[in-house]
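Heads up: the structure comes next, in structure tokens.
Just follow the structure's listing: the first ligand is 1, and inside any ligand the first atom is 1.
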Amino acid sequence: MTEKLLMRALSGETLAVPPIWMMRQAGRYLPEYRATRAKAGDFLSLCYNPELAAEVTLQPIRRYGFDAAILFADILLVPQALGADLWFETGEGPRLSKITEAADMARLKPADAIHDHLAPVYETVKILAAELPRETTLIGFAGAPWTVATYMIAGRGTPDQAPAHALKDTQPEVFNALMDLITDATIAYLLAQVAAGAEVIKLFDSWAGSLKGADFDAYALAPAKKIIAALKAARPDLPVIAFPREAKNRYVGFGKATGADCVALDNSVDAIWAAKNVQVDGCVQGNLAPGHMVTGGQNLIDETKRIVDTFRNGPHIFNLGHGITPDADPANVELMVKTARS
Ligand code: 1CP
């Protein structure tokens, strides 16, 4: 049997101490991350520098001994590999060339043309597979098609994903062609990560919560199902974590319907409800509010214990409900890990 705790939880085992990792665990709250990013020049140069990307992936493992490392990259590298322009405005976030009509779609590359551009990412995975401690699981990832599409359509992050909803409703053929292209590119990208040594895949659907009813089925559930089926056709034992963030009641049955081995819960989800309605079907991940990494103290200890206790009767991976923020205190992460493991 594998000694990797994360793999054991993903195979459905209930463990006395949950495996732990943290979304955005390599990030700006760590001084060593900021130093390495400065060495690379900027964020995208860091993503495409295999030695330095592997270095920042390893930093939180050395500091905290997390049970999993997540490949350092970004969900927006796939649009860039498909031919979109991508840059980061300092202090603001990502900017991309926009998809607003069929002519913009026609300028994109086919799904199987992404690999040259993404080769440095596969190289990062190879370095990590060789360098990680034997008890640490390597997670590869991609954005889910809807979330990636929201950025490609709007050309930036949006609070309500309005431009993507508008394209879906007014030019469904353009929208569907984009979703299909992202889906195929994501399958190719993730299979290449697995071939390079990723042991688990996580699919981030950060904006799934803005899809309602039949739209949720068509654009969150169906693409996840298609991607997971394609991954498992190639690697039947590959565990997949799905994160349909803010799916609310649609978290129920999401694992079964998509074939995901684990469903990641955001911090708006009540743990008692999730243990009864989601964890019954298998492993769940989550869901401490990232704000506790800023505020710390007794609240952090109490909330960490509450979450570990509530999920203790089934398979559980301890994590935050979303990414750790740049203003977090590294000492609070230490306290969280110590509390969850005690
Ligand atoms: O300045 C910096 O150093 C950049 C900050 C940063 C980091 C550390 C960005 C820009 N991306 C990342 C890395 C990243 N992004 C990882 C690496 C592994 C880890 O978790 O440690 C991962 C898994 C992601 C995934 C990602 N990127 C998501 C999905 C998860 C989520 O947070 O909801 C999304 C939506 C993005 C887009 C993105 N990239 C970066 C930013 C600031 C954003 C959000 C933009 C927005 O909506 O405004």
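Heavy-atom distances between Gly323 and ligand 1 stay at or above 4.0 Å for every pair. Under a 4.0 angstrom heavy-atom cut-off, Pro60 registers as lying outside contact with ligand 1.
For Arg37, every heavy-atom contact with ligand 1 shorter than 4.0 Å involves the side chain, none the backbone.
Taking any N or O of Met23, backbone or side chain, none lies under 3.5 Å from an N or O belonging to ligand 1. Between Tyr33 and ligand 1, at least one pair of N/O atoms sits closer than 3.5 Å. Ligand 1 has a nitrogen or oxygen under 3.5 angstrom from a nitrogen or oxygen of Ser206. Among the atoms of Glu92, none of the N or O lies under 3.5 angstrom from an N or O of ligand 1.
Of the possible donor and acceptor atoms, one in the side chain of Gln25 sits under 3.5 Å from a partner among the backbone N and O of Ala68.
For the pair Lys202 and Phe243, the cation-pi criterion (under 6.0 Å, within 45° of the ring axis) is fulfilled.
Annotation for Asp169: atom CG counts as buried by contact number, over 12 foreign heavy atoms lying within 6.0 Å.
Within ligand 1, counting atoms from 1 as listed, the ones closer than 4.0 Å to a heavy atom of Leu71 are 17 (C), 18 (C).
Of all protein heavy atoms, the one lying nearest to atom 39 (N) of ligand 1 is Asp74 OD1, 2.7 Å. Here the heavy atom of the protein found nearest to atom 41 (C) of ligand 1 is Arg24 NH2, 4.0 Å.
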